[in-house]
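In what follows, a single structure is set out as structure tokens and then discussed.
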Protein chains: 2
Amino acid sequence: MRDFTQSLPMALLQAREGAMRLFRPLLAKHDLTEQQWRVLRALSASDDPLDVGSVADATFLLASSLSRILSNLAGRDLINRTPVQNDQRRAAIALTGRGQNLVAQVAPHSEAIYNEIETAFGTAELRELLTQLASLRDSTTRLEPNGY
Amino acid sequence: MRDFTQSLPMALLQAREGAMRLFRPLLAKHDLTEQQWRVLRALSASDDPLDVGSVADATFLLASSLSRILSNLAGRDLINRTPVQNDQRRAAIALTGRGQNLVAQVAPHSEAIYNEIETAFGTAELRELLTQLASLRDSTTRLEPNGY
DNA sequence: TATTGTTATACTCTATAACTATA
DNA sequence: TATAGTTATAGAGTATAACAATA
């Protein structure tokens, strides 16, 4: 078997841990978990409200996990849910004003950390890495888990 | 702020999810969580028994999380803990015979999945990606989280 | 009947701190 | 006093399934 530390999942985990380690104190200061921040970011990145399924896809969260997270964020008045007119099953999720303010407050610090990483790692290297990661994602998307 | 889907942590998460999605059914069949498998792999990769701190470092698990995981694995007779002679505080963790057998049983399937990924993504591309990930890890290791 | 989303349940991991035993 | 490891506690996410409401 391949060397443990050389395995792709471990390398991706280590790389992500190395980056997230720099972001966590910022999120903790605002009482946000990584997952909660992913939800806020996804909503912030979208011009229109998103239904729950779209948020789940964008954030890599299970619908059942996301449902709880949305309840938490709604309880803190950071997001709201409004039923969709055409399809009453769907809920349109959007940032509240408070949610937008929070994102706007955290974003510059997040960007500063990101810039530190980019400076340390290299702008061209970062762009290249993002390209390769997208390519890997596309490659694995086409594969199916085998039955064992 | 940078585009959400273009952010490095998200890209690393997506890439890892894409890969792990292919491995999870295999681990599930053997009643192993990702974290438990990381521990078994780390022990398998080492010629000598490892103390708990070393396993924690190798697997990116907190000592307190690891302690429970080790209890679970010990209860299934997959690992054992033996006190270290020179330093009675330390425990030397090693795979049992059963643990070695389990790793030996899972490893070929894991390798097959890995080969599928390598074929889909490209051997040279994979090597290059691993190099870049190691470089990123080194870059972020030298950075410190800022206070906010 | 199928789909969207929530709830139920059991489990696992995270995170911090307190604690024990040893050095 | 400091260190290695475990235990306590609270919280959060995972995973599967069951469920209600709607299409």
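So that the names make sense, note that chain A is the first sequence line, chain B the second, and so on, each numbered from 1. These figures come from a predicted structure and were not determined experimentally.
Nearest heavy-atom pair, B:L32 versus B:L102, reported as atom, atom and distance to 0.1 Å: CD1-CD2, 4.0 Å. Residues A:H109 and A:Q105 share a closest heavy-atom pair of CD2-O, 3.5 Å. Contact between A:L26 and A:S110 at its shortest, heavy atoms only, is CD2-N, 3.5 Å. Here the closest non-hydrogen pair linking B:L66 and B:V39 is CD1-CG2, 3.7 Å.
Rounded to whole Å, atom P of D:dT6 lies 12 Å from atom CD1 of B:I69. Summarising the geometry, the separation between CG on A:L27 and C1' on C:dT14 is reported as 15 Å, rounded to the nearest angstrom. Atom pair B:N86:CG and C:dT22:C1' shows a separation of 13 Å (rounding to whole Å applied). Rounded to a whole Å, the CZ atom of B:R68 is 15 Å from the P atom of D:dG11. Computed from coordinates, the B:R38 CZ to C:dT12 C1' distance equals 12 Å when rounded to whole Å. Here the C1' atom of nucleotide C:dA15 and the NZ atom of A:K29 are 20 Å apart, to the nearest Å. Across the protein-nucleic acid pair, B:L73 atom CG and C:dC13 atom C1' stand 14 Å apart, rounded to whole Å. Rounded to whole angstrom, the span from the CG atom of B:L32 across to the C1' atom of D:dT14 amounts to 16 Å.
Residue A:Q88 places no side-chain N or O under 4.0 Å from the OP1 or OP2 atom of D:dA21. In this structure, A:R89 does not reach the C:dA2 phosphate: none of its side-chain N or O atoms is under 4.0 Å from OP1 or OP2. Under 4.0 angstrom from either OP1 or OP2 of C:dC13 there lies no side-chain N or O belonging to B:S65. OP1 or OP2 of D:dT6 lies within a sub-4.0 Å distance of a side-chain N or O belonging to B:R81.
More than 12 non-hydrogen atoms from other residues, nucleotides or ligands lie less than 6.0 angstrom from CZ of B:R21.
If you check every strand for non-hydrogen atoms under 4.0 Å, A:T33 touches sugar and phosphate atoms only. The residue B:D31 sits apart from the nucleic acid: no heavy atom pair falls under 4.0 Å. B:L66 comes within 4.0 angstrom of nothing in the nucleic acid, heavy atoms only.
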Self-check item: Step-by-step side chain to side chain contact (heavy atoms under 4.5 Å, CB included) determination, B:M20 to B:E34
Solution: CA-CA 9 Å; B:M20 284 310 300; B:E34 291 177 40; 3.6 Å; yes
Exercise. Evaluate the side chain to side chain contact (heavy atoms under 4.5 Å, CB included) criterion for residues B:L129 and A:L129: first the C-alpha distance (whole Å), next the side-chain angles of each, then the deciding distance (0.1 Å), finally the verdict.
Key: CA-CA 7 Å; B:L129 177 56; A:L129 176 57; 3.6 Å; yes
Practice problem: Check the pair B:R76 / B:N72 against side chain to side chain donor-acceptor pair (under 3.5 Å), numbers first and verdict last. | Solution: CA-CA 6 Å; B:R76 294 156 72 179; B:N72 176 303; 3.2 Å; yes
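A heavy atom lying under 4.0 Å from DNA chain D marks the following residues of residues 50-64 of chain A, by number: A:L61, A:L62, A:S64.
Atom CZ of A:F60 and atom OG of A:S65 lie 14.0 Å apart (nearest 0.5 Å). Taking CG of B:L13 as the start and CZ of A:R38 as the end, the distance is 5.0 Å to the nearest 0.5 Å.
With DNA chain D read from its 5' end, the first of the two nearest nucleotides for A:D87 and A:E34 is the one closest to A:E34.
End-to-end axis angle of the helix from C:dT1-D:dA23 to C:dA23-D:dT1, from C1' rotation axes over five pairs per end: 0° (rounded to 10 degrees).
Of the candidates C:dC13, D:dT9, C:dG5, the closest approach to any side-chain atom of B:Q36 belongs to C:dC13.
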